[in-house]
Number of protein chains: 2
Amino acid sequence: MKNLEMLTYDELLVEFKNILKADGLKFTSQREAILSTLYENPQHFTSENLYMLVKQKHPELSVGIATVYRTLALLEENGLVSSISLGIQGKKFEIANKPHHDHLICESCGKIVEFENEKIEDLQHQIAKENGFVLTDHLMQLYGICTECQKNQSK
Amino acid sequence: MKNLEMLTYDELLVEFKNILKADGLKFTSQREAILSTLYENPQHFTSENLYMLVKQKHPELSVGIATVYRTLALLEENGLVSSISLGIQGKKFEIANKPHHDHLICESCGKIVEFENEKIEDLQHQIAKENGFVLTDHLMQLYGICTECQKNQSK
DNA sequence: TTACCATATGAATATCATTATCAAAAAAGG
DNA sequence: CCTTTTTTGATAATGATATTCATATGGTAA
Ligand SMILES: [Mn+2]
Ligand SMILES: [Mn+2]
Ligand SMILES: [Zn+2]
Ligand SMILES: [Zn+2]
């Protein structure tokens, strides 16, 4: 899978079109609307949230929730979006043209901070190796209370 | 919440009874059967798997799946069991009288290896601190291919 | 022990996010 | 254009988990 870090939207679009063509799939206005909405809003969306935003940004289009689910799956399979699963709170998606990172999540307000830590990544590989595994992926989420919520709680 | 590391079953039972009493809840044979089954099988269970094993181990009892869900939620709230959510594969539960650990999961056969790494835990606290968070919890799952599955794949 | 009453239970039903179905619409390629 | 294939939105189906409710059971105090 190609490295998509820091691509512009046009570059991302070209990449998407290549993938579609290679798989005999079609480039549709719904698929473009979903990709561009994700690109312009590099946050973390549930399928439902994204569905609502896409409809708001593209009132001229007819977009169904099923298409949002289908397109997110397609984009994720091809590495154009990534997802984090937040236990009971469901799955959230984000555009994948940013460098790898993990997430620090406020348990009170839901705020998500992205971070990266090379040392931890190295240690993860080491742990996998010690146990005879070839590491393919990892999930690391830190949960806590953010500065603001700490203030509100002490009131 | 009390530290439950390495408690015997009897100690765990006493703890459970104290929690129940403090909350005006009752000690039932179903609740005991679920806790003892988890204690005697310190693996990772889906609610459904555990339901089947409890029925097998306690054929004299009538146990419904709803009670298994309710009891797992109760035990988890009170720190007697812990869970890991494996994305699409659902939630798995295990008895919580073992030291803290994270999980290394084979994407091919589902095998789960437990590990602990003090350095990573330290780095996690440091990251939270740098971002103004008070760390309350974390989730770390490493995904890979285990030794056996690597062999099978190369055949 | 017994009697009382709050809580727990199992079976059935509801919920809710996600997925599948299907007839109509749109894209790709000549 | 025209043809073929894929895509779409509406709707129904699915499946894991939660809730409802009538009955059963545990705790407690006489
Ligand atoms: Mn992110
Ligand atoms: Mn474990
Ligand atoms: Zn917060
Ligand atoms: Zn394996």
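Every chain is numbered from 1 and lettered A, B, ... according to where its sequence line falls, protein lines coming before strand lines.
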Distance in angstrom units between [X] [atom1] and [N] [atom2], rounded:
X	N	atom1	atom2	value
B/L74	D/dT19	CG	P	14 Å
A/L20	D/dT5	CG	P	18 Å
A/I34	D/dT7	CD1	C1'	12 Å
A/F45	C/dA17	CZ	P	18 Å
B/K17	C/dT7	NZ	C1'	17 Å
B/L25	C/dC5	CG	C1'	15 Å
B/N49	D/dG15	CG	C1'	15 Å
A/L72	D/dT8	CG	P	12 Å

Can you tell which of [options] lies closest to the side chain of [X]?
X	options	value
B/A66	C/dT18, C/dG10, C/dT9	C/dG10
A/K21	D/dT17, C/dT9, C/dG29	C/dG29
A/V63	D/dG9, D/dT7, C/dT7	D/dG9
B/Q30	D/dG9, C/dT9, D/dA16	C/dT9

Worksheet item: Yes or no on salt bridge (charged side-chain N to carboxylate O under 4.0 Å, His left out) for B/E114 and B/K98, after CA distance, side-chain angles and deciding distance?
Response: CA-CA 11 Å; B/E114 302 180 337; B/K98 16 184 173 175; 3.0 Å; yes
Worksheet item: If each of B/I65 and B/D23 is mapped to the nucleotide of DNA chain C with the nearest heavy atom, which maps nearer the 5' terminus, i.e. the 5' end?
Response: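 With B/I65 and B/D23 compared, the 5'-side residue is B/D23.
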Discussion item. Assuming nearest nucleotide by heavy-atom distance, tell me which of B/Y69 and B/F27 is located more 5' along DNA chain D.
Written reply: B/Y69
Response to the item:
Comparing nearest nucleotides in DNA chain D, the 5'-proximal residue of the pair B/K26, B/S47 is B/S47
Fill in: Parallel, tilted or perpendicular: rings of B/Y9 and B/Y39 (30°, 60°)
tilted
Worksheet entry | Criterion side chain to side chain contact (heavy atoms under 4.5 Å, CB included) against A/L142, the qualifying member of B/L139, B/N131, B/L135 |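 Filter result, single survivor: B/L135.
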Worksheet item: Would you say C/dA17 has OP1 or OP2 under 4.0 Å from some side-chain N or O of A/T46?
Response: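 False: A/T46 side-chain N/O out of range (4.0 Å or more) of C/dA17 OP1/OP2.
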Worksheet item: OP1 or OP2 of D/dG9 less than 4.0 angstrom from a side-chain nitrogen or oxygen of A/S62, does that happen here?
Response: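 True: A/S62 side-chain N/O within range (under 4.0 Å) of D/dG9 OP1/OP2.
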Item to complete: Would you kindly check whether a donor in the side chain of A/R70 faces an acceptor in the base of D/dG9, or vice versa, at under 3.5 angstrom?
Response: yes
Discussion item. Applying a strict under-4.5 Å side-chain criterion to I, L, V, M, F, W and Y, I'd like to know whether A/L75 and A/V14 cluster together.
Written reply: no
Fill in: N-O pairing of A/E40 and A/K57 below 4.0 Å
no
